[in-house]
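Side-chain atoms are counted along with the backbone in the values below, which use heavy atoms only and exclude waters and symmetry mates.
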Amino acid sequence: MRISKKELLYIPNILSYIRILLIPLFVYLYIRAETSLEYFYAALALGVSSLSDLLDGKIARKFNMISELGIALDPIADKLTHIAVAACLCKCHTIFLIPVCILVCKETYMGVMNLYKIKTKKKKLGGAEMFGKVSTAIVFCAMILLVLFPSMPYVIVCVLTAICSISLIVSWIGYFFVFKKM
């Protein structure tokens, strides 16, 4: 992959850099949070990250700023953000360790399978499938709720955790069949 200086400065790529830089800020704000306002600040950092994720794809397509770097960087920023947020949620909700483990296993599987397919079949996953996008949206919405409301009733935390876990497993199964077809 050859990256030009121009591609390094594409706006969508800059937005991905910002998302990656927002991860330690979110972690710092969340881990130190004790009040509702402090948890809101952590959620705000997450909201800015989400907005930049939404914008980078739209800008890349609209202004033809799609690059190999951006294609690689965007999912890396997404996965790092999701794993960091999910891991942080275990501070207040230890039960959330279940979807964290599923998420890490699913992403590891997908990374290994993508590398394997590239090496053996000269093919790679073309991008996120619709079921993957839906799963990501479900998990992210649940995580934002848990960040914003760290003191919500345990039964609701359990329901959100179950929804995240099921969504991740369904997505993992979907990608299993996608890789099998490849």
Can you tell if the side chain of Ser36 reaches within under 4.5 Å of the side chain of Phe40, non-hydrogen atoms only? no

With a 4.5 Å cut-off on side-chain heavy-atom distances among I, L, V, M, F, W and Y, is there a chain of contacts connecting Ile66 to Leu69? no

Joint cluster assignment, Ile166 & Leu168, ILVMFWY side-chain distance < 4.5 Å: no

What residue pairs, at least two apart or across chains, pass salt bridge (charged side-chain N to carboxylate O under 4.0 Å, His left out) with a residue in residues 36-51? none

Nearest heavy-atom pair of Glu129 and Tyr175: which atoms, and what distance? N-OH, 2.9 Å

One should read off an interatomic distance between Phe179 CZ and Lys117 NZ, to the nearest 0.5 angstrom, of 8.0 Å

With clusters defined by side-chain heavy atoms of hydrophobic residues (ILVMFWY) lying less than 4.5 Å apart, directly or transitively, does Ile156 cluster with Val85? yes

Please give me the minimum heavy-atom distance between Cys105 and Trp172, naming the atom from each residue. CB-CH2, 3.5 Å

Apart from Val112 itself, what residues make up its hydrophobic cluster, given side-chain heavy atom links below 4.5 Å? none

Drop me the distance from Cys92's SG to Met152's CE, to the nearest 0.5 angstrom. 10.5 Å

Under the side chain to side chain contact (heavy atoms under 4.5 Å, CB included) rule, collect the residues that match up with Cys101, sequence neighbours excluded. Leu97

For Lys58, which residues count as a side chain to side chain contact (heavy atoms under 4.5 Å, CB included) partner, sequence neighbours excluded? Leu54, Arg61

Using every non-hydrogen atom in the two residues, find where Cys88 and Ile31 come nearest and quote the distance to one decimal. SG-CD1, 4.1 Å

Could you tabulate the donor-acceptor pairs under 3.5 Å formed by side-chain atoms of residues 9-27, not counting sequence neighbours?
{"unit_1": "Asn13", "atom_1": "OD1", "unit_2": "Gly70", "atom_2": "N", "d": "3.4"}
{"unit_1": "Asn13", "atom_1": "ND2", "unit_2": "Glu7", "atom_2": "O", "d": "2.6"}
{"unit_1": "Asn13", "atom_1": "ND2", "unit_2": "Ser67", "atom_2": "OG", "d": "3.2"}
{"unit_1": "Ser16", "atom_1": "OG", "unit_2": "Pro12", "atom_2": "O", "d": "3.4"}
{"unit_1": "Ser16", "atom_1": "OG", "unit_2": "Asp56", "atom_2": "OD2", "d": "3.1"}
{"unit_1": "Tyr17", "atom_1": "OH", "unit_2": "Leu8", "atom_2": "O", "d": "2.8"}
{"unit_1": "Arg19", "atom_1": "NH1", "unit_2": "Asp53", "atom_2": "OD1", "d": "3.4"}
{"unit_1": "Arg19", "atom_1": "NH1", "unit_2": "Asp56", "atom_2": "OD2", "d": "2.8"}
{"unit_1": "Arg19", "atom_1": "NH1", "unit_2": "Asp74", "atom_2": "OD1", "d": "3.1"}
{"unit_1": "Arg19", "atom_1": "NH2", "unit_2": "Asp74", "atom_2": "O", "d": "2.9"}
{"unit_1": "Arg19", "atom_1": "NH2", "unit_2": "Asp74", "atom_2": "OD1", "d": "3.1"}
{"unit_1": "Arg19", "atom_1": "NH2", "unit_2": "Asp78", "atom_2": "OD1", "d": "2.6"}

So His82 and Val139, side-chain contact (heavy atoms from CB on, under 4.5 Å) or not? Walk me through it. CA-CA 9 Å; His82 293 156; Val139 170; 5.9 Å; no

For Leu115, which residues count as a side chain to side chain contact (heavy atoms under 4.5 Å, CB included) partner, sequence neighbours excluded? none

Besides Met130, the hydrophobic cluster formed by Ile, Leu, Val, Met, Phe, Trp and Tyr side chains linked at under 4.5 Å, directly or via other members, contains Val134, Ile138, Val159, Ile163

According to salt bridge (charged side-chain N to carboxylate O under 4.0 Å, His left out), does anything in residues 81-107 pair up with another residue at least two apart or in another chain? List the pairs. Lys79-Glu107

From Ser49 OG over to Leu44 CG, what is the distance, rounded to the nearest 0.5 angstrom? 11.5 Å

For residues 173-182, the salt bridge (charged side-chain N to carboxylate O under 4.0 Å, His left out) pairs (sequence neighbours left out) are none

Treating Ile, Leu, Val, Met, Phe, Trp and Tyr as nodes and any side-chain heavy-atom pair under 4.5 angstrom as an edge, say whether Ile71 and Met113 lie in one connected cluster. no

Quick one: ring-ring contact (aromatic ring centres under 6.0 Å, His included) partners of His93, sequence neighbours excluded? none

Working to the nearest 0.5 Å, report the span between CD1 of Ile76 and OG1 of Thr81. 11.5 Å

Do other residues, nucleotides or ligands put more than 12 heavy atoms under 6.0 Å from Tyr109 OH? yes

By the salt bridge (charged side-chain N to carboxylate O under 4.0 Å, His left out) test, which pairs, at least two apart or in different chains, include something from residues 134-146? none

Indicate yes or no: at least one non-hydrogen side-chain atom of Phe131 is less than 4.5 angstrom from one of Val170. no

Starting from Met182, can I reach Ile118 by hopping between I/L/V/M/F/W/Y residues whose side chains sit under 4.5 Å apart? no

Working for side-chain contact (heavy atoms from CB on, under 4.5 Å), residues Tyr30 and Leu89: CA-CA 9 Å; Tyr30 187 83; Leu89 285 170; 3.6 Å; yes

Keeping to residues at least two apart or across chains, list the side chain to side chain donor-acceptor pair (under 3.5 Å) pairs with something in residues 133-161. Ser135-Ser167

Point-to-point distance, once rounded to the nearest 0.5 Å, from CD1 of Ile95 to SG of Cys164: 11.0 Å

To the nearest 0.5 Å, tell me how far Phe140 CZ sits from Leu46 CG. 4.0 Å

